[in-house]
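Here's the structure we're looking at; comments come further down.
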Amino acid sequence: MGRVQSVIMKSPPRSVDTSQGRSELRPAPSSFGHPRGSRILLPVIAALAVIGGSLLTRNAGGTGSAAAASCGQQSCSPIKHVIIIVRENHSFDNLFGRFPHADGARTAKRAGMSTIKMAPELDPMQTDLIHGVDTARRAIDGGKMDRFYRNPFAYQESQDVADSQYYGYQVPIYWSYAKTFGLADHFFSTIMGDSFPNHLVTISGQAVHVISNPVRPNLAHLHSWGCDAPSDVTVKQYVGGKVATTFPCFNTKTLADEANAAGVSWKYYAAGYGTDGYIWSTFDSIKHIRNSAQWSTNVVTTPQFDSDVQAGNLPQISWLTSRFWNSDHPPGSICTGQNWVASKINEIMQSPLWSSTAIILVWDDFGGFYDHLAPPYESTYSLGPRVPALMISPYSKPGFIYHKRLDFRSIVTFVENQFNLPHIMKFKRSVNSIGAMLDPNQQPLAPLVQNQIPNCPKATGQDPYTSVLSNW
């Protein structure tokens, strides 16, 4: 696909070479007169019409509010496509603790032991770290954040990998996106624990009281986390102060239902049935979607994303997840995961879609890795530890670090308000919107096309979802 035309992008596309040696990532020159990674608060040129703090509007040829009043809410905004890319299992300090000017830590506290400098993280690891709800609570230790090293598999190859972190030279692609576009450093997982409940929040604003991944008796292999799972699969729910179990197939309303009601297009791109990564095809857990025609038309395999971008047929709302070994989930390589993300974002940036797209890149849970900032208390199982979140768009405030509290509901409310969706879902909407990281009135940012990192290490560990580790 051709690059975005210069009439839209005032500065030429940039290309970052990530093939250089083991040195910290160097800041790229800025066409906006600001050093990358600094906190940049751009002046607001025209008033934003804000619904719930997030609806983006843009002067459409008139002056100020008069122009906004003369056009529909969607047509006023330059953002026509929102892509939510959900990655796996890393805390904020694990990926961005060393990032300039962010609220990160380079040392880790350990109960009963001295504070240690966080060493460069292993890539790849030998195995997954255990990071369910009970181990998360133990690591948090009442807000002391000092018992991550005590959880199972925290030590690998004689290193405390739970209290280690990636340095800039190890994650150059992710750091380049953060330096160029926007990084949120107070984004918390909504549910304390692992993947499944937080993935549910990304589509429904709440987790249906779920607090765990689905499991089978006797630690049997599990290929699905949804309505087509074996009948003996259960998931934990916390209801009325008690923990109970149920089959992971629900009828809660979702963003898809709101989009359908408003005539807004959507798709969920995920690994297909029978392949690793299918567990993250979250609409498999929503009965009225799983058993409808939209399961075939709107829940599609990840390669379809490439075809839709190339054809210019990307829906207004997209979720994008990957196969296991490209997901950043240990023991997969973070190098391989970055290359996969860059390949997908490069496709957008090298197409006409870039000029009207906002990409939210986020990790689903802390993965067992250290974070120094205690999660705020909302309820017994919420909130969970911090995870990284990036806003990548021509309208991202360049080099901006957003410090206000966010969680996965912040993405859902942004999407609702951006597309003026009816509020069919029931969840707490009084959260900050991730849309605050965008400025629709600024000069649009040029694409940042990133090269693949060469010679990624080969992962030798086992997919934890084919082993007992998935059930801890």
* To do: Begin with the C-alpha distance, continue with both residues' side-chain angles, and end with the deciding distance and a verdict on side chain to side chain contact (heavy atoms under 4.5 Å, CB included) for V161 and Q126.
  => CA-CA 10 Å; V161 297; Q126 294 176 326; over 6 Å; no
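- Partners of D123 by salt bridge (Lys or Arg N to Asp or Glu O under 4.0 Å), not counting sequence neighbours: none found.
- Without hydrogens or angle criteria, S281 side chain to Y278 main chain gives no donor-acceptor distance under 3.5 Å.
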* Asked: Between V431 and F408, is a side chain to side chain contact (heavy atoms under 4.5 Å, CB included) present by the stated rule, with each step listed?
  -> CA-CA 10 Å; V431 293; F408 291 112; over 6 Å; no
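- D365 meets the side chain to side chain donor-acceptor pair (under 3.5 Å) test with S195; sequence neighbours excluded.
- A donor-acceptor pair is defined here as one N or O able to donate and one able to accept, closer than 3.5 Å; no such pair exists between the side chain of D364 and the backbone of N198.
- Closest approach of A259 to W266, counting heavy atoms only: CB-CD1, 3.9 Å.
- Counting heavy atoms from C-beta on, the side chains of Q462 and T127 never come closer than 4.5 Å.
- In this structure, CG on L390 lies 9.5 Å from OH on Y174, to the nearest 0.5 angstrom.
- A donor-acceptor contact shorter than 3.5 Å is absent between the side chain of N432 and the backbone of K404.
- Side chain of N89 to backbone of H329: no donor-acceptor contact under 3.5 angstrom is found.
- Looking only at distances, a side-chain donor or acceptor of S396 sits under 3.5 Å from a matching main-chain atom of M391.
- Residue V415 is tested with I434, T202, I84 for a side-chain contact (heavy atoms from CB on, under 4.5 Å); the sole match is I84.
- Remark: the backbone N or O of T135 is paired with a side-chain donor or acceptor of N151 at under 3.5 angstrom.
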* **Test log, rule side chain to side chain contact (heavy atoms under 4.5 Å, CB included), inputs K428 and Q206** => CA-CA 8 Å; K428 181 181 177 182; Q206 44 89 30; over 6 Å; no
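- Judged as a salt bridge (Lys or Arg N to Asp or Glu O under 4.0 Å), and not counting sequence neighbours, the contacts of D328 are R87.
- Distance check: I79 CD1 to F419 CZ gives 8.5 Å after rounding to the nearest 0.5 Å.
- Shown here for M125 and L122, the closest heavy-atom pair between the two residues is CG-O, 3.9 Å.
- By the side-chain contact (heavy atoms from CB on, under 4.5 Å) test, T107 is found to be paired with T115, residues two or more places apart in sequence or in another chain being considered.
- Nearest heavy atoms, S433 versus F414: OG-CB, 3.4 Å.
- Residues passing the salt bridge (Lys or Arg N to Asp or Glu O under 4.0 Å) test with E258, sequence neighbours excluded: R429.
- Using modelled atom types and a 3.5 Å distance limit, the side chains of H90 and Q165 yield no donor-acceptor pair.
- Shortest non-hydrogen contact noted between T413 and S410 is OG1-O, 3.2 Å.
- Going from atom CH2 of W225 over to atom OG1 of T282 covers 9.0 Å, rounded to the nearest 0.5 Å.
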* Asked: Given M349 and I392, is the side chain to side chain contact (heavy atoms under 4.5 Å, CB included) satisfied, shown in steps?
  -> CA-CA 10 Å; M349 291 183 167; I392 302 169; 3.7 Å; yes
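- Using cut-offs of 30° and 60° for the angle between ring planes, the F400 and Y402 rings count as tilted.
- N94 has its side chain out of reach of F148: every pair of non-hydrogen atoms, C-beta onward, lies at least 4.5 Å apart.
- Listed for the R405 side chain is no donor-acceptor partner under 3.5 Å among the backbone atoms of H186.
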If you look only at distance, which donor and acceptor atoms sit under 3.5 Å apart when one is on a side chain in residues 376-385 and the other is two or more places apart or in another chain?
residue	atom	partner	partner atom	Å
E378	OE1	R409	NH1	3.1
E378	OE1	R409	NH2	3.1
E378	OE2	R409	NH2	2.9
S382	OG	T190	O	2.6

* salt bridge (charged side-chain N to carboxylate O under 4.0 Å, His left out) assessment of D439 paired with K397 -> CA-CA 6 Å; D439 180 359; K397 299 174 184 179; over 6 Å; no
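- Under the side-chain contact (heavy atoms from CB on, under 4.5 Å) criterion, T234 pairs with V215, T245, not counting sequence neighbours.
- Residues satisfying the side-chain contact (heavy atoms from CB on, under 4.5 Å) criterion with T246, sequence neighbours excluded, are V235, Q237, F250.
- Two residues are said to be in side-chain contact when any heavy atoms from C-beta on lie closer than 4.5 Å; L406 and V362 fail this criterion.
- Using bins of under 30°, 30° to 60° and over 60° for the plane-to-plane angle, the ring pair Y177/F181 lands in the tilted bin.
- Ring to ring, F366 and F92 are not that close: their centroids are 6.0 angstrom or more apart.
- The side-chain contact (heavy atoms from CB on, under 4.5 Å) check on N251 picks up K287, H288, with sequence neighbours excluded.
- Residues F369 and H131 are not in side-chain contact: their nearest non-hydrogen atoms beyond the backbone lie 4.5 Å or more apart.
- Looking at heavy atoms from C-beta onward, F99 lies in side-chain contact with I401 at the 4.5 angstrom threshold.
- Using modelled atom types and a 3.5 Å distance limit, the side chains of N346 and S343 yield no donor-acceptor pair.
- When all heavy atoms of P124 and A459 are compared, the pair lying nearest together is CG-CA, 3.8 Å.
- Using modelled atom types, no side-chain atom of Q170 and backbone atom of P120 make a donor-acceptor pair closer than 3.5 Å.
- Distance alone, capped at 3.5 Å, is enough to place a donor-acceptor pair between the D160 side chain and the D163 backbone.
- Residues satisfying the salt bridge (Lys or Arg N to Asp or Glu O under 4.0 Å) test with K236, not counting sequence neighbours, are none.
- Every residue two or more places apart in sequence or in another chain that forms a ring-ring contact (aromatic ring centres under 6.0 Å, His included) with H223 is listed here: Y273.
- Within the model, atoms CD1 of I359 and NE2 of H81 stand 11.5 Å from one another, a figure rounded to the nearest 0.5 Å.
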* Worked check of side chain to side chain donor-acceptor pair (under 3.5 Å) between D103 and H372 -> CA-CA 9 Å; D103 185 1; H372 80 278; 3.2 Å; yes
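- In this structure, F324 and W280 have side chains that are in contact, with non-hydrogen atoms separated by less than 4.5 Å.
- Side-chain contact check for V412 versus M425: some heavy-atom pair is nearer than 4.5 Å.
- By the ring-ring contact (aromatic ring centres under 6.0 Å, His included) test, W319 is found to be paired with Y268, F283, residues two or more places apart in sequence or in another chain being considered.
- Inter-residue side-chain proximity for M118 and R106 is flagged as unmet; no heavy-atom pair is nearer than 4.5 Å.
- Not a single donor-acceptor pair under 3.5 Å links the side chain of N339 to the backbone N or O of T336.
- Contact between W175 and P100 at its shortest, heavy atoms only, is CZ3-CD, 4.1 Å.
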